[in-house]
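First the structure, in the form of structure tokens, and then the observations on it.
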Amino acid sequence: MMSRIFSGIQPTGNLHLGNYLGAIRNWVDLQHQFESIYCVVDLHAITVPQNPAALHQATIEVTASLLAAGIDPKQAIIFNQSRVPQHAELAWIFNCVARLGWLNRMTQFKEKAGKNRENASVGLFAYPALMAADILAYKATHVPVGEDQKQHLELTRDIAGAFNAMVEEDFFPLPEPQIIGEATRVMSLRDGTSKMSKSDASDFSRINMNDDADTIVQKIRKAKTDPDVLPETAEALDDRPEARNLVTIYAALAGTDIDRVLAEYAGQGFGQFKPALADLAVAKLEPVTQAMRRYMDDTAEVIKVLDDGAERAHAIAQPIMSDIRKRLGFLGESLG
Ligand code: AMP
Ligand code: TRP
């Protein structure tokens, strides 16, 4: 079967270094090797309350970041999810394929719903079925994501398998997660045991893709660390989550691995390592930040990319959805 890449990102808040190293950088590399579809998932965003003006703006900003990071809209398809109605249509069908028990196991729902579970939206609970629909509406075979999406990808495979069994045909591929690189789980700069995230209240917990050089330097200077020097082996970082995180970020930005970073910096303290990391981060992120500012000065171009992407995505998803409707016995063609 032909390979096809699909991945998604939510238009909520600033993109950060975790998004970049865990996902977007890999998307940039993969677009040259495979047909690639990258989706700004606005339907996923509204599983929690959103301000419409902010959602609109964030959709443009996230798209600008993808372009600034090097995704080429002539090569890859970039679009926002709600424009291609097949996502929502297939998600409903998958709501009827997925079992309550499968969704009950999803750790992201438990984290996001928190203590107030009774008050979470039904959409937040069904979120992984929509994600499965995103991927399978294109019969995508490979899904580059950060570590935190692994469980959702397993559910996607379960849904694809259950659907195939139901229609007695290998209709959908079982998509493979691609969790690539040194930094598949970038941690908060304030707490090495929690994930770097858009929703963390402290802006000092993350490096945003639109932070200027001074801000990046300051955030790294203030990052939580320990008083010890860097060790010689990666294992010695196991019980030093903050130190491990900074070394991992360095390795990922430099395009090397943890062992090689330690070979260079073993015996040095954070007084020496942090400035080196800050220099590297600024050197790697500054060109992306600058490109992003240029795109934000000309949002008409960004919107054109999304228009064009939506049409190309729709042209792929529509005939697949039509086949699905036939398999299920739905009468007539969808008007979407
Ligand atoms: P989200 O911002 O939740 O829409 O995530 C978009 C992509 O970034 C997904 O592939 C995530 O797995 C990835 N991602 C988000 N946070 C991190 C992180 N802290 N480390 C690595 N990858 C991440
Ligand atoms: N759930 C993903 C996240 O929060 C975003 C996403 C939505 C996605 N649909 C997808 C990722 C399809 C990969 C494939 O990061």
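- Residues F6 and F34 place their aromatic rings such that the two centres sit no closer than 6.0 Å.
- Between S188 and D200, some side-chain heavy-atom pair lies under the 4.5 Å cut-off.
- Annotation for E232: atom CD does not count as buried by contact number, only 12 or fewer foreign heavy atoms lying within 6.0 Å.
- Applying the ring pair (Phe, Tyr, Trp, His ring centres under 6.0 Å) rule to F79 yields the partners H87; only residues at least two apart in sequence or on another chain are considered.
- The hydrophobic cluster containing L335, built from Ile/Leu/Val/Met/Phe/Trp/Tyr side-chain heavy atoms closer than 4.5 Å, comprises no other residue.
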May I have the list of side-chain donor-acceptor pairs in residues 250-264 shorter than 3.5 Å, sequence neighbours left out?
unit_1 : atom_1 : unit_2 : atom_2 : d
Y250   : OH     : Y265   : OH     : 3.2
D257   : OD1    : D259   : N      : 3.4
D257   : OD1    : R260   : N      : 3.0

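- In the hydrophobic clustering, where aliphatic and aromatic side chains (Ile, Leu, Val, Met, Phe, Trp, Tyr) are joined below 4.5 Å either directly or transitively, L43 groups with L130.
- Residues P11 and N80 form no side-chain contact, since every pair of their non-hydrogen atoms from C-beta on lies 4.5 Å or further apart.
- Pairs of residues two or more places apart, or lying in two chains, that qualify as side chain to side chain donor-acceptor pair (under 3.5 Å) and include a residue from residues 211-220 are D203-K219, N208-D211, D211-K219, D212-T215.
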Would you be so kind as to tabulate the donor-acceptor pairs closer than 3.5 Å made by side chains of residues 118-127, with sequence neighbours excluded?
unit_1 : atom_1 : unit_2 : atom_2 : d
S121   : OG     : T47    : O      : 2.8
S121   : OG     : G123   : N      : 3.4
S121   : OG     : L124   : N      : 2.9
Y127   : OH     : Q10    : NE2    : 2.9

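- Checked against salt bridge (Lys or Arg N to Asp or Glu O under 4.0 Å), D42 has no partners two or more places apart in sequence or in another chain.
- Cluster partners of L55, using a side-chain heavy-atom cutoff of under 4.5 Å among ILVMFWY residues and allowing indirect links, are I46.
- Applying the side-chain contact (heavy atoms from CB on, under 4.5 Å) test to F330 and every residue at least two apart in sequence or in another chain returns I93, R325, L328.
- Listed by chain and number, the residues in a ring pair (Phe, Tyr, Trp, His ring centres under 6.0 Å) with H314 amount to none (sequence neighbours excluded).
- The side chain to side chain donor-acceptor pair (under 3.5 Å) pairs that include a residue from residues 150-168 are T107-Q151, Q149-H152, where partners are two or more places apart or lie in different chains.
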Side-chain donor/acceptor pairs under 3.5 Å, residues 288-301, sequence neighbours excluded:
unit_1 : atom_1 : unit_2 : atom_2 : d
T289   : OG1    : M209   : O      : 3.2
T289   : OG1    : L285   : O      : 2.9

